[in-house]
Chemist: 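Dropping a structure here in structure tokens format, bear with me for questions.
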Amino acid sequence: MTVNAAERPVKVGFMLPYSGTYAALGNGITNAFKMAIDEQGGKLGGRDVEYYSVDDASDPAKAVENANRLVKRDDVDVIIGTVHSGVSMALSKVARDSDTLLIVPNAGANEVTGVICAPNIFRTSFSNWQPSFAMGGVVAKQGHKKVVTLTWKYAAGEQMVAGFKESLEANGGEIVKELYIPFPSVEFQPFLTEIASIKPDAVYVFFAGGGAVKFVQDYAAAGLSRSVPLYASGFLTEGTLEAQGVAAEGTHTTLHYADGLDTPRDNAFREAYKKNYKLEPDVYTVQGYDAAQLLIAGLNAVKGDIADQKGVIAAMESTKIDSPRGSFTMSKSHNPVQDIYLRKVQGKKNIVVGIASKALEDPARGCKM
Ligand code: PHB
């Protein structure tokens with residue numbers, strides 16, 4: 001018996017890191033995505049859901065091959081991926097060229113909703129420009145004019161430093177030294193020694209996952225947290241606070257989410273996630289949950305007929321996502337238009353100090369759609 005195409009399950013493919021420094025991020029995204037689908041009785045637009053997955057290990061060299069496993073071997077209807085900016089650029093090109101619906105639940109590569117933008121590519125996370133641009137002005141206005149930056153040398157780190165620099169300079173500050181360490185190295189010592197000798201007004205970094213835990217501990221152990229205030233994009237203190245302990249205390253970050261939001265919507269999400277997975281939710285889980293919410297909006301509009309890609313896309317473009325982070329809409333280039341919070345670590349929580357940028361929209365440089 002052949003299965004009617006309109007009745008067969010929707011095939012969802014996860015291309016995410018399940019090993020390496022970003023493994024916890026990939027797992028959190030997957031868990032929360034499935035939780036949102038389970039809240040719909042396990043259905044998407046009335047249809048059953050079948051999951052496929054590939055561990056991309058945050059390795060750009062294998063990205064095309066991994067993406068093609070889902071597209072060609074598994075013939076999935078939609079890909080949820082990925083975390084690493086370099087991998088996401090290759091994945092986006094495969095999705096664009098094969099017309100496969102793609103929802104990016106983390107990777108911030110500006111190009112994904114910039115020069116590589118396409119009708120079938122959406123992002124429920126952020127662009128690398130967004131949280132970092134929001135921070136440059138904050139640092140300068142707090143009186144820190146001479147700043148050293150340190151990050152992994154790959155697209156995410158480079159683009160976050162660029163976004164930060166843009167608004168730091170516009171507010172009268174300057175980067176006196178840009179330091180880069182290969183991804184995913186955690187040999188921070190020589191860089192910390194250099195920062196101590198430069199004695200800048202502040203340090204701005206991007207690290208995430210396992211590497212973020214080690215960086216914050218090393219920064220404190222070097223005695224720098226007492227003499228040079230640490231600023232970062234909020235990933236530094238997402239899913240890491242338990243392991244970082246007191247070393248993270250007082251760190252200021254900017255991000256489109258905070259575990260200290262304390263809204264009814266976020267509290268309900270956090271309780272449900274903790275109950276289901278016995279783990280603390282974080283920004284990655286929120287982004288994974290919202291990837292599912294976006295897909296649900298798309299498939300409900302066409303009653304599960306994912307072959308109606310135009311209908312799915314139109315619904316995804318116009319929906320307002322009731323996110324734990326606060327509700328958001330999609331920009332023309334399919335990136336969230338969202339508030340960026342200024343947060344401070346206090347007692348193992350990211351407390352909201354204020355809103356650094358209201359309804360911030362990525363400039364989508366180079367996107368023609
Ligand atoms: C990225 O590579 O785009 C990336 C990875 C981890 C994060 C944020 C951005 O926490």
Side-chain angles (χ1 to χ4, degrees), residues 25 83-86 88-89 104 106-114 123 125-142 144-181 183 200-209 211-212 215-216 229-238 240 251-258 283-284 287 325 331 333 335-345 350 353-366:
L25 288 59
V83 164
H84 182 283
S85 273
S88 79
M89 285 194 251
V104 182
N106 184 71
N110 293 335
E111 293 88 339
V112 167
T113 55
R123 178 153 58 192
S125 50
F126 58 91
S127 71
N128 288 326
W129 180 90
Q130 276 178 314
S132 51
F133 180 82
M135 185 52 112
V138 171
V139 169
K141 284 174 194 154
Q142 289 190 356
H144 306 307
K145 301 298 184 195
K146 296 198 179 306
V147 182
V148 169
T149 61
L150 170 62
T151 184
W152 280 313
K153 183 146 190 66
Y154 82 98
E158 290 164 346
Q159 294 179 355
M160 287 195 210
V161 167
F164 173 79
K165 184 176 180 180
E166 203 180 314
S167 58
L168 179 77
E169 288 182 351
N171 287 279
E174 66 172 312
I175 294 181
V176 292
K177 186 104 196 190
E178 283 181 25
L179 298 170
Y180 291 98
I181 173 171
F183 176 85
D201 297 339
V203 166
Y204 176 75
V205 303
F206 161 68
F207 294 107
F215 176 77
V216 168
L230 178 62
Y231 292 83
S233 51
F235 310 104
L236 190 74
T237 55
E238 284 295 315
T240 55
T251 306
H252 279 96
T253 65
T254 40
L255 202 66
H256 48 289
Y257 180 66
V283 71
Y284 309 107
Q287 295 167 171
R325 78 187 79 171
S331 68
S333 67
N335 190 64
V337 178
Q338 56 193 344
D339 295 345
I340 307 293
Y341 304 101
L342 175 62
R343 312 136 19 118
K344 183 182 182 181
V345 177
N350 291 292
V353 179
I355 294 182
S357 289
K358 185 95 194 132
L360 189 64
E361 180 169 349
D362 181 81
R365 290 167 185 142

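Values reported hereafter were calculated over all heavy atoms of this structure, with side chains retained and with hydrogens, waters and symmetry mates removed.
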Chemist: Walk me through whether Val104 and Thr113 qualify under side chain to side chain contact (heavy atoms under 4.5 Å, CB included).
Modeler: CA-CA 10 Å; Val104 182; Thr113 55; over 6 Å; no
Chemist: Using atom types as modelled, flag every donor-acceptor pair under 3.5 Å from a side chain in residues 168-175 to any protein atom, sequence neighbours excluded.
Modeler:
| unit_1 | atom_1 | unit_2 | atom_2 | d |
| --- | --- | --- | --- | --- |
| Asn171 | ND2 | Ser167 | O | 2.7 |
| Glu174 | OE2 | Lys146 | NZ | 2.6 |

Chemist: If we ignore angles and hydrogens, is there a donor and acceptor under 3.5 Å between the side chains of Arg123 and Ser88?
Modeler: no
Chemist: For the residue pair Phe206 and Trp152, does the interplanar ring angle fall in the parallel (under 30°), tilted (30 to 60°) or perpendicular (over 60°) class?
Modeler: perpendicular
Chemist: Hey, could you give me the CD1/OG1 distance between Ile181 and Thr151, rounded to the nearest 0.5 Å?
Modeler: 9.5 Å
Chemist: Considering all heavy atoms of both residues, which atom of Pro131 and which atom of Phe235 are nearest to each other, and what is their separation?
Modeler: CG-CE1, 4.3 Å
Chemist: Could you walk me through whether Tyr257 and Gln287 pass side chain to side chain contact (heavy atoms under 4.5 Å, CB included), step by step?
Modeler: CA-CA 10 Å; Tyr257 180 66; Gln287 295 167 171; over 6 Å; no
Chemist: Taking the side chain as every heavy atom from C-beta outward, state whether His256 and Pro336 have any atom pair closer than 4.5 Å.
Modeler: no
Chemist: Work out which heavy atom in Leu150 is nearest to a heavy atom in Tyr180; give both atom names and the distance.
Modeler: CD1-N, 4.4 Å
Chemist: Hey, are the side chains of Met135 and Met160 touching, using non-hydrogen atoms and a 4.5 Å cut-off?
Modeler: no
Chemist: Please report the C-alpha distance between Ser333 and Asp362 in whole Å, then the side-chain angles of each, then the deciding distance to 0.1 Å, and finally whether the side-chain hydrogen bond (donor to acceptor under 3.5 Å, both in side chains) criterion is met.
Modeler: CA-CA 9 Å; Ser333 67; Asp362 181 81; 5.3 Å; no
Chemist: Only one of Asn335, Asn110, Leu255 forms a side-chain contact (heavy atoms from CB on, under 4.5 Å) with Gln130, so which one is it?
Modeler: Asn335
Chemist: Using the side-chain contact (heavy atoms from CB on, under 4.5 Å) definition, which of the options Val203, Val139, Val176 pairs with Val147?
Modeler: Val139
Chemist: Would you please test Glu238 and Thr253 for side chain to side chain contact (heavy atoms under 4.5 Å, CB included) and show each step?
Modeler: CA-CA 10 Å; Glu238 284 295 315; Thr253 65; over 6 Å; no
Chemist: Look only at the side chain of Tyr204 and the backbone of Gly136, and say whether a donor-acceptor pair between them is shorter than 3.5 Å.
Modeler: no
Chemist: Parallel, tilted or perpendicular, judged at 30° and 60°: which one describes the rings of Tyr231 and His252?
Modeler: parallel
Chemist: What's the separation between atom CD in Glu178 and atom NZ in Lys153, rounded to the nearest 0.5 Å?
Modeler: 8.5 Å
Chemist: Give me the atom names and distance for the closest heavy-atom approach of Ala155 to Met89.
Modeler: CB-CE, 3.6 Å
Chemist: Check the surroundings of atom NZ in Lys177: do more than 12 heavy atoms from other residues, nucleotides or ligands lie under 6.0 Å from it?
Modeler: no
Chemist: What distance separates Phe207 CZ from Ser233 OG, expressed to the nearest 0.5 Å?
Modeler: 10.0 Å
Chemist: For the CZ atom of Arg343 and the CG atom of Leu236, what is their distance to the nearest 0.5 Å?
Modeler: 9.5 Å
Chemist: Please name the pair of heavy atoms, one in Ser85 and one in Gly108, separated by the smallest distance, quoted to 0.1 Å.
Modeler: OG-N, 3.5 Å
Chemist: Under 3.5 Å, is there a donor-acceptor pair between the side chain of Asn106 and the main chain of Val83?
Modeler: yes
Chemist: Mind checking whether Phe133 and Trp129 have parallel, tilted or perpendicular rings, split at 30° and 60°?
Modeler: parallel
Chemist: Can you name the nearest heavy-atom pair linking Gln338 to Ser125, along with the distance?
Modeler: NE2-O, 2.8 Å
Chemist: Identify the two heavy atoms, one from Ala356 and one from Thr254, that lie closest to each other, and give their separation to 0.1 Å.
Modeler: CB-CG2, 3.9 Å
Chemist: To the nearest 0.5 Å, what is the distance between OG (Ser132) and CD (Glu166)?
Modeler: 8.5 Å
Chemist: Just wondering, do Val345 and Asn350 contact through their side chains at under 4.5 Å, heavy atoms?
Modeler: yes
Chemist: Go through Phe215 and Val205 one step at a time and tell me if the side chain to side chain contact (heavy atoms under 4.5 Å, CB included) criterion holds.
Modeler: CA-CA 10 Å; Phe215 176 77; Val205 303; 3.8 Å; yes
